[in-house]
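Okay, so here's the structure we're looking at.
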Amino acid sequence: MIRVKNIVKAFDSLTVLKGIDLEVNEGEIVSIVGPSGAGKTTLLLIMGTLSRPDSGQVWIRGTETGKLDDRRLAGFRNNEVGFVFQFHHLLPEFTALENVCIPAFIAGMPRKQAELRATELLDFLRLTDRVGHKPSELSGGEKQRVAVARALMNRPAVILADEPSGNLDSANQEDLHNLFLKLREEMNQTFVIVTHDPHLAGLSDRVITMRDGLIQAD
């Protein structure tokens, strides 16, 4: 499903990733853990094609992303990669339904079809009565579930999550963790999650430990 080979990335004189090899299978939940500065988020951004490596290759569903120009890469990313961040990044002027529809609109999906898909996702995520609410009217847990629905909108190959429960209280953290497991079980959704949460990491199929720009354990 996803393969990265010999990924190297430096910022000025600091080499953040020093030759990373990693494969993620379809339907896996993989957590990446390690101390701050280990290179976890940099690796996640490269896997998600938001950043290009200095050297090395990334394949998603058989496509070598480094061979795509910026325009084709943006379209590929919108269709194949979903993102969930610690802070939901919902657009405040739009409702939950409109926020979830955005990736579909970017992909050119007709409005009626996009709204039907978004409504189905919000129903699945127990947000039926919140579709017309704006982010300021939602709780922290509800905002993060809307962000998950948005990430699922275009049926991506993988959802990449960077500290997705880091801004939630313990009850909403548990709810989000269980949601990821449910999505894997019912949709065979693949996840790669950067986390400092040992409980979330413990629920994963695999835990990748990084330190000083290298994979220390898998």
Side-chain angles (χ1 to χ4, degrees), residues 1-2 26-27 29 44-45 47-52 58-63 65 67-165 167-168 172 175-176 178-193:
M1 166 68 81
I2 301 170
E26 185 175 1
I29 299 178
L44 198 75
L45 294 176
M47 291 178 70
T49 76
L50 288 173
S51 176
R52 292 186 185 267
V58 178
W59 288 268
I60 300 175
R61 279 184 176 164
T63 296
T65 61
K67 292 185 176 180
L68 302 177
D69 61 30
D70 288 347
R71 183 185 62 81
R72 292 170 61 206
L73 185 63
F76 179 86
R77 180 191 312 121
N78 185 55
N79 286 317
E80 299 292 350
V81 185
F83 295 94
V84 179
F85 298 101
Q86 179 175 352
F87 300 99
H88 46 79
H89 297 305
L90 301 178
L91 297 179
E93 66 271 28
F94 294 147
T95 65
L97 181 70
E98 291 165 339
N99 268 284
V100 175
C101 285
I102 288 171
F105 292 156
I106 292 171
M109 185 183 295
R111 175 174 290 274
K112 188 171 291 188
Q113 183 181 347
E115 289 181 347
L116 177 61
R117 166 73 174 162
T119 300
E120 290 173 347
L121 287 169
L122 290 167
D123 287 347
F124 181 80
L125 298 178
R126 309 189 316 278
L127 291 165
T128 305
D129 60 345
R130 313 300 276 169
V131 294
H133 290 67
K134 293 184 177 180
S136 61
E137 302 170 307
L138 302 174
S139 70
E142 288 170 340
K143 291 173 187 176
Q144 200 61 306
R145 277 186 280 149
V146 172
V148 171
R150 181 182 57 191
L152 290 165
M153 186 66 195
N154 288 341
R155 296 180 173 85
V158 61
I159 289 181
L160 303 180
D162 191 6
E163 299 289 357
S165 57
N167 199 39
L168 301 176
N172 280 308
D175 188 50
L176 185 67
N178 290 332
L179 173 60
F180 287 167
L181 293 173
K182 183 178 181 181
L183 289 169
R184 192 272 297 277
E185 290 165 6
E186 299 194 15
M187 298 183 182
N188 199 37
Q189 183 63 58
T190 307
F191 288 89
V192 180
I193 305 167

Exercise for review: Could you list all the salt bridge (Lys or Arg N to Asp or Glu O under 4.0 Å) pairs where at least one residue sits in residues 90-110, not counting sequence neighbours?
Suggested key: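 Matches after skipping sequence neighbours: none remain.
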Sub-3.5 Å donor-acceptor pair from the side chain of [X] to the main-chain atoms of [Y], do we have one?
X: T65; Y: V58; answer: yes
X: R150; Y: P103; answer: no
X: E26; Y: V158; answer: no
X: N154; Y: A107; answer: no
X: R130; Y: E137; answer: yes
X: T95; Y: H133; answer: no

Point to revise | Heavy atoms of other groups near R61 CZ, more than 12 under 6.0 Å | key: yes
Exercise for review: Can you sort out the partners of F180 under ring pair (Phe, Tyr, Trp, His ring centres under 6.0 Å), two or more places apart, ordered by chain and number?
Suggested key: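 Per chain and number, F180 pairs via ring pair (Phe, Tyr, Trp, His ring centres under 6.0 Å) with F191.
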**Study point:** Minimum heavy-atom distance I159-A151, with the two atoms named
**Key:** CD1-CB, 4.1 Å
**Study point:** Heavy-atom closest pair, residues A149 and L122
**Key:**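 A149 and L122 have their closest heavy atoms at CB-CD2, 4.2 Å.
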Contact check, side chains of [X] and [Y], non-hydrogen atoms, under 4.5 Å:
X: Q189; Y: P156; value: yes
X: I2; Y: E80; value: no
X: V148; Y: L183; value: yes

Check your understanding: Going by the angle between their ring planes, with limits at 30° and 60°, are F85 and F83 parallel, tilted or perpendicular?
Key -> parallel
